[in-house]
Amino acid sequence: MAAILVALAALVALPAAAHAAPLRAGVGMADITPQTGYYLGGWTRADRTSHGQQTRLHSRALVLQEGSRKVALVQVDLFMIPAGMQKQVAALNAGRGFREENVLISASHTHSGPGGFANFKTFNTAAPSLQTATDPISFYRLLDPKPADPQLYTFLTKQIAAAVRRADSDLAPAAAGWGATTIEGLTQNRSIEAHLADHGILLQPGQGTASQDPLGIAHTIDPAVNVLRVDKLRRVRGRLRHVPIGAWSTFADHGTVTKSSFQFYNEDHLASAMQVFEARVRKAGKVPRKQKVLNVYGNSDEGDQSAGLTRDGPAASDYVGRVEAAAMLRAWRSARGSMQRSPALDSRWTRVCFCGQQTEGGRVADYAMAGFPFLTGSEEERGPLFDVTHHSFEGTRNPVEVPGQGHKEGIPLDSKSVPKAVPLMDVRVGSRLIVSQPGEATREVGQRLREGVGAVVAGSGIDRVVVSGLAGDFIQYLTTPEEYDRQHYEGGSTLYGPLEGNFLRQQQAELARSLVGGHPAPQPYPFDPTNGVQPNGPGYGSGTANPSGGRLQRVHVRRLHKARFSWRGAALGLDRPVDRAFVSAQRRLHGRWRTVATDLGLQMLWSVDSNGGYAARWQVPQSQPRGLYRLVITAKRYRVYSPRFRVIANRALKLRPVPAAAGRLAVALDYPPLVRDNDLIYRPRSVQGGVVRFEVNRRLVIARRKRSGVFSVRAPAGATVRAVSGNDRYGNFSAKSVTLSR
């Protein structure tokens with residue numbers, strides 16, 4: 001009897017999450033693409049403004065509910081999310097049970113969204129293009145920028161709130177489970193010398209390589225892909241059917257593949273990662289058309305990692321995103337065996353202050369400071385000061401130790417211009433714990449956070465800690481004390497000193513301890529994250545009802561080229577509708593016009609000048625069927641049709657000699673090379689299946705391949721061999737032959 005009583009007491013003592021009600025889940029999305037003209041947030045350059053849009057910016061939301069417990073996991077296609085905005089997003093949905101304590105918003109960190117919406121004005125900084133000023137002190141005024149733009153702030157807040165509301169309206173019985181995989185060889189550590197300092201290896205900028213990491217090259221990045229798969233459950237003819245609605249996903253990768261020279265709003269590599277994943281999941285799960293399928297992909301501990309160090313432009317972003325989508329799909333499939341109808345669902349939230357508290361290593365700073373390395377930008381693209389001086393301030397260290405800030409040489413920031421307190425949130429879903437970081441954590445900060453929190457939750461049924469970066473708020477970078485001391489871009493951009501990362505890790509461990517112990521979260525520090533900014537600005541205009549002009553550039557458009565149509569309307573892109581297509585490509589088929597692409601996808605680009613001159617461009621994929629097409633402009637208050645044009649084959653493919661096996665000669669059939677900031681969609685270097693016609697001693701020999709882009713032919717010694725022509729499986733062809741010799 002005593003043993004039974006002990007067992008019953010243990011059951012009673014379990015956290016309430018162990019007695020979970022059946023899961024309900026829903027997804028929702030909203031368009032957060034504003035008018036044009038804002039500088040591109042993340043690059044912090046006033047000379048890089050949006051002239052149009054390549055991919056829409058969105059907020060995607062996943063709502064999970066078990067009984068009275070409800071959590072919203074949200075991503076936004078912005079370089080950051082301010083805590084004040086997150087609080088107001090929740091407040092706009094208070095009637096549905098949301099509050100800042102149960103809404104977690106993570107920024108994708110695309111650098112191609114708008115800037116100028118932060119509650120604290122330091123994060124609205126945009127450096128002008130100066131032709132003088134070689135002293136970083138002259139940039140002091142950049143740290144006293146304008147407050148949030150009221151129109152932009154209001155638009156973003158209301159649209160993100162709409163995404164949460166739509167997800168909540170989509171709630172239905174569901175099951176959830178986790179999957180994971182890795183991606184290696186895609187991202188690189190951009191601040192390798194600072195990372196090596198974590199291993200006690202001290203080198204100057206430019207002296208280190210990834211191979212010097214004692215634990216191997218893979219240790220210089222965070223390769224983990226974590227996917228929370230969610231399926232709705234429906235009864236069909238008496239059987240329970242899984243209907244996938246998508247996932248919440250993480251991977252550590254800066255949103256900097258598309259550079260600021262491409263001055264159009266876009267989601268960077270995350271566009272393809274989300275859209276390709278969503279399309280494949282919809283197809284694999286045979287999801288009904290009316291049900292949304294979303295990949296809620298924010299970011300992780302990407303502070304010093306990027307796929308954009310060796311890749312540039314939207315086509316490169318498309319490639320990177322497709323690699324990520326493929327990995328996320330693998331993880332999504334692996335989650336099928338772990339799906340649960342009542343996974344443990346629980347969360348804790350608090351707010352902590354950088355008020356000089358004791359932490360591991362000493363006291364965290366009680367004031368913020370921007371270091372000089374911040375002023376010249378990161379490795380992917382330096383800033384205007386670097387353009388003038390051609391000198392990076394990375395590695396600039398103060399020989400004198402500054403109280404609370406170590407060997408940083410920089411500019412103290414006013415307490416009214418940066419938040420002194422930030423929110424932290426932990427969310428348990430089944431066997432994983434999501435922990436937020438209010439900025440850009442480096443790879444090593446993420447690793448130490450996982451280890452520290454993992455030790456606290458050991459034995460609770462949580463087998464993995466997942467870092468949600470750029471979540472809940474933004475205080476720039478989070479570095480280890482060792483990385484901070486090297487004062488690279490990341491260390492110079494770590495506001496609250498060398499112990500900032502240690503302090504946040506300690507606070508997250510306490511928050512996790514309260515969650516697994518079934519206790520209330522630590523008392524939040526009293527602080528107003530809105531900083532007085534309210535979502536009460538005016539709305540954007542409705543555009544014109546009277547467009548004029550209308551000109552089609554070509555009546556025949558080759559694949560891989562762009563169909564271009566121009567007209568005149570309202571300035572600043574105000575004619576574009578929100579949440580629906582603006583530009584569509586349609587094909588004439590069986591007597592009807594059928595939409596084949598829109599600006600909600602990946603293949604379109606539209607721009608507008610200061611006089612309201614619009615130009616829409618559709619890059620025709622290599623596989624697009626030949627035929628009759630048109631572009632359709634569906635504005636808020638008008639519709640315009642372009643003249644008809646024909647899509648025809650591309651004839652610019654090239655035959656390239658390549659090594660072959662003994663006794664054979666071979667060629668690759670290549671597509672035209674990708675051009676930075678011109679090509680929108682990725683294509684491989686060589687075709688993937690097709691035909692090449694060889695002439696061997698004047699005899700025609702045809703080589704066919706189903707998937708490969710390399711074609712070979714047997715060639716006797718001394719034979720005269722010529723690759724005459726070739727075409728891919730879609731009919732695109734080479735117009736020039738090439739002579740081969742052994």
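Scope of the values below: all heavy atoms of this structure, side chains included, with no hydrogens, waters or symmetry mates.
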Taking [X] for the side chain and [Y] for the main chain, is one N or O donor matched with an acceptor at less than 3.5 Å?
| X | Y | answer |
| --- | --- | --- |
| Arg382 | Gly377 | yes |
| Lys416 | Asn531 | no |
| Gln86 | Ile105 | yes |
| Lys420 | Val418 | no |
| Asp609 | Gly613 | yes |
| Gln88 | Val533 | yes |
| Lys121 | Ala118 | no |
| Asn124 | Lys146 | yes |
| Thr36 | Leu572 | yes |
| Ser300 | Glu302 | no |

Can [X] and [Y] be counted as having a side-chain donor-acceptor contact under 3.5 angstrom?
| X | Y | result |
| --- | --- | --- |
| Thr258 | Ser112 | no |
| Thr220 | Gln188 | no |
| His407 | Asn398 | no |
| Thr187 | Asp253 | no |
| Thr479 | Arg486 | no |
| Asn678 | Lys562 | yes |
| Asp268 | His111 | no |
| Glu440 | Tyr477 | yes |
| Glu267 | Thr110 | no |
| Glu444 | Thr442 | no |
| Gln263 | Tyr39 | no |

Under-4.0 Å salt bridge between [X] and [Y]:
| X | Y | result |
| --- | --- | --- |
| Asp670 | Arg685 | yes |
| Asp301 | Arg450 | yes |
| Arg443 | Asp222 | no |
| Asp485 | Lys408 | no |
| Arg190 | Glu381 | no |
| Arg45 | Asp47 | yes |

Going by the side-chain contact (heavy atoms from CB on, under 4.5 Å) test, name the single residue among Ile681, Thr55, Asp318, Leu680 that passes it with Gln603.
Ile681
side-chain contact (heavy atoms from CB on, under 4.5 Å) partner of Thr480, chosen from Arg448, Arg505, Glu490
Arg448
Report the distance from atom [atom1] of [X] to atom [atom2] of [Y], rounding to the nearest 0.5 Å.
| X | Y | atom1 | atom2 | answer |
| --- | --- | --- | --- | --- |
| Tyr367 | Cys355 | OH | SG | 14.5 Å |
| Arg311 | Glu380 | CZ | CD | 12.0 Å |
| Asp77 | Asn266 | CG | CG | 9.5 Å |
| Asn119 | Ser417 | CG | OG | 13.0 Å |
| Ser493 | Ile475 | OG | CD1 | 12.0 Å |
| Gln212 | Ile217 | CD | CD1 | 10.5 Å |

Answer yes if the ring centres of [X] and [Y] are under 6.0 angstrom apart, and no otherwise.
| X | Y | result |
| --- | --- | --- |
| Phe251 | Tyr297 | no |
| Tyr38 | Tyr265 | no |
| Phe79 | Phe117 | yes |

Mind telling me whether [Y] and [X] have parallel, tilted or perpendicular rings, with 30° and 60° as the class edges?
| X | Y | answer |
| --- | --- | --- |
| His51 | Phe264 | perpendicular |
| Phe354 | Tyr496 | parallel |
| His109 | His254 | perpendicular |

Just do the side-chain hydrogen bond (donor to acceptor under 3.5 Å, both in side chains) check on His195 and Asp213 with the steps written out, would you?
CA-CA 8 Å; His195 170 78; Asp213 189 310; 2.6 Å; yes
Of all the heavy-atom pairs spanning Arg322 and Val276, show the shortest one and how long it is.
NH1-CG2, 3.6 Å
Could you check Phe582 against Gln53 for side chain to side chain contact (heavy atoms under 4.5 Å, CB included), going step by step and ending with a plain yes or no?
CA-CA 11 Å; Phe582 183 35; Gln53 169 224 310; 5.9 Å; no
Around Tyr319, counting heavy atoms of other residues, nucleotides and ligands shown, do more than 12 lie under 6.0 Å from its OH?
no
Flag side-chain contact, heavy atom, 4.5 Å: His269 against Val323:
no
Taking C-beta and beyond as the side chain, do Val422 and Val352 meet within less than 4.5 Å on heavy atoms?
yes
Between Asn299 and Ser108, does a side-chain hydrogen bond (donor to acceptor under 3.5 Å, both in side chains) hold up when you go through it step by step?
CA-CA 5 Å; Asn299 220 311; Ser108 71; over 6 Å; no
Kindly indicate, with the supporting measurements, whether the criterion side chain to side chain contact (heavy atoms under 4.5 Å, CB included) is fulfilled by Glu394 and Glu379.
CA-CA 10 Å; Glu394 288 197 287; Glu379 284 79 354; 2.9 Å; yes
Which is it for Ser261 and Arg48 under the side-chain hydrogen bond (donor to acceptor under 3.5 Å, both in side chains) test, yes or no, and what are the steps along the way?
CA-CA 7 Å; Ser261 55; Arg48 299 290 193 262; over 6 Å; no
